[in-house]
Amino acid sequence: MDCGIITSKTVLLFLSLIFWAAGATLAYVGAYVIKSYGNFENFIQDRYTLIPAAIIIGVSVVMFIFGLVGCCATVRESKVGLSFFFLIIMVIFAAEVAALVLSFVYQRKINEDLEHSMTEVFAKYDGNDPETNTVDYLQTQLQCCGVTNYTSWYNTTWFSSHNNTVPLSCCKNGTSQCTGRLDQPGLLNLEGCEGKLESLLKDVLSYAMLVILGFAIIKFFGMLSVCVITCNSNNRRSGYQSLYA
């Protein structure tokens, strides 16, 4: 076996390892995006914003399986197997490009839907229902108060029925004296939650987009590598064995 074939096998085996590593990484990213959105699902009316995450997880499973196919095709020196491996890379590359485009589109849709859905959820706040837990979690984690700012609570049922106070989740961390009264502004988080949540969701989606772009570039060079290796083996006439040899 000449040096060219050894090098070709090494490149393709390394590419298969990249497929496995990329599959594991994409699975983590997809799960992270879904978890991040799940924490604030009551504020997100358009469930289609999770399509990019679903594509990422689907691609990760396919990449792991087809990484195994690429490894087997290389070890068997199968020309047909390598051709199939090339098609696999091309399909995954197209899926990643689609996920990248959708991520960009839905990133712009976030700010269009967020204010309306958040206003509805905050208006239902009563201290007992599931929306209450979500609002409290949001305000505590992001250290914010109200939709645009703490004055957003003025028009809610909670504010008028609780002596013109805001929920305790508006209090700054570590302030045990806070009662939610507006005459204690130093103990309250005054900044609104909409801007912080929008920034958080966009950051998560941007992170996912960067990962997708990175692996799409890897797939592009992977396709080039398969083409170069296949052409080189044909020119040398040493070729690869038949898939059923």
Side-chain angles (χ1 to χ4, degrees), residues 29-54 56 99-162 164-175 177-213:
V29 171
Y32 177 69
V33 171
I34 291 176
K35 180 183 177 183
S36 298
Y37 275 68
N39 289 334
F40 311 110
E41 61 181 354
N42 288 321
F43 302 122
I44 305 173
Q45 292 183 331
D46 190 355
R47 293 296 184 267
Y48 291 109
T49 54
L50 292 178
I51 288 180
I56 292 173
L100 191 64
V101 173
L102 287 172
S103 296
F104 179 76
V105 171
Y106 289 121
Q107 187 180 46
R108 300 185 62 180
K109 285 179 63 67
I110 289 176
N111 60 337
E112 297 175 4
D113 302 330
L114 204 55
E115 181 177 2
H116 177 69
S117 58
M118 288 185 69
T119 299
E120 287 187 347
V121 173
F122 273 69
K124 297 177 182 177
Y125 186 95
D126 62 5
N128 299 310
D129 58 19
E131 284 82 1
T132 293
N133 296 330
T134 302
V135 170
D136 286 337
Y137 178 82
L138 176 71
Q139 294 191 144
T140 301
Q141 292 297 313
L142 300 185
Q143 298 182 31
C144 57
C145 184
V147 179
T148 55
N149 54 50
Y150 74 100
T151 62
S152 299
W153 284 104
Y154 289 3
N155 298 322
T156 64
T157 304
W158 170 271
F159 186 79
S160 59
S161 62
H162 287 77
N164 296 338
T165 61
V166 296
L168 294 181
S169 55
C170 282
C171 296
K172 293 181 178 179
N173 293 336
T175 53
Q177 295 84 9
C178 180
T179 61
R181 289 166 50 188
L182 299 182
D183 59 357
Q184 302 174 317
L187 302 179
L188 298 174
N189 294 308
L190 304 180
E191 190 175 351
C193 297
E194 180 190 358
K196 288 191 172 184
L197 179 56
E198 180 181 336
S199 177
L200 173 64
L201 295 178
K202 284 188 175 181
D203 286 346
V204 170
L205 206 52
S206 296
Y207 168 64
M209 290 170 66
L210 286 176
V211 173
I212 295 171
L213 178 61

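All heavy atoms count here, side chains included; hydrogens, waters and symmetry mates do not. Throughout, numbering of the chain's residues begins at 1 and tracks the sequence.
N155 meets the side chain to side chain donor-acceptor pair (under 3.5 Å) test with no other residue; sequence neighbours excluded.
Put simply, the side chain of K196 gets close to the backbone of Q143: a donor and an acceptor are under 3.5 Å apart. In this structure, the side chain of S206 engages the main chain of K202 through a donor-acceptor pair within 3.5 Å. Judged by distance alone, with hydrogens and angles left aside, the side-chain atoms of T148 form no donor-acceptor pair with the main-chain N or O of G192 at under 3.5 Å. No donor-acceptor pair under 3.5 Å is formed between the side chain of T140 and the backbone N or O of Y137.
Across all their heavy atoms, Q139 and G146 have their closest contact at OE1-N, 3.0 Å. Of all heavy-atom pairs spanning N189 and Y150, the tightest one is O-CB, 4.3 Å. Listed here is the closest heavy atom pair of M118 and L197: SD-CD2, 4.0 Å. What you find for S152 and T156 is that their closest heavy atoms are O-CG2, 3.8 Å.
Using a 30° and 60° split on the angle between ring planes, W158 and H162 fall in the parallel class, below 30°.
Under the 2.5 Å cut-off for SG-SG separation, C193 and C145 do not qualify: their sulfur atoms lie farther apart than that. A distance below 2.5 Å between sulfur gamma atoms is met by C171 and C178.
You'll find the ring centres of W153 and F122 inside the 6.0 Å limit.
Taking CG of L168 as the reference point, atom CG of D136 lies at 8.5 Å (rounded to 0.5 Å). The distance from atom SG of C144 to atom CG of N149, rounded to the nearest 0.5 Å, is 11.0 Å. Distance OG1/T132 to NZ/K124: 11.0 Å, rounded to 0.5 Å. Rounding to the nearest 0.5 angstrom, the gap separating the CD atom in E194 from the CG atom in L138 is 11.0 Å.
For the pair L213 and L100, the minimum side-chain heavy-atom distance is below 4.5 Å. Using a 4.5 Å cut-off on side-chain heavy atoms (C-beta onward), D126 and T157 make no contact.
Around OH of Y125, the count of heavy atoms belonging to other residues, nucleotides or ligands within 6.0 Å exceeds 12.
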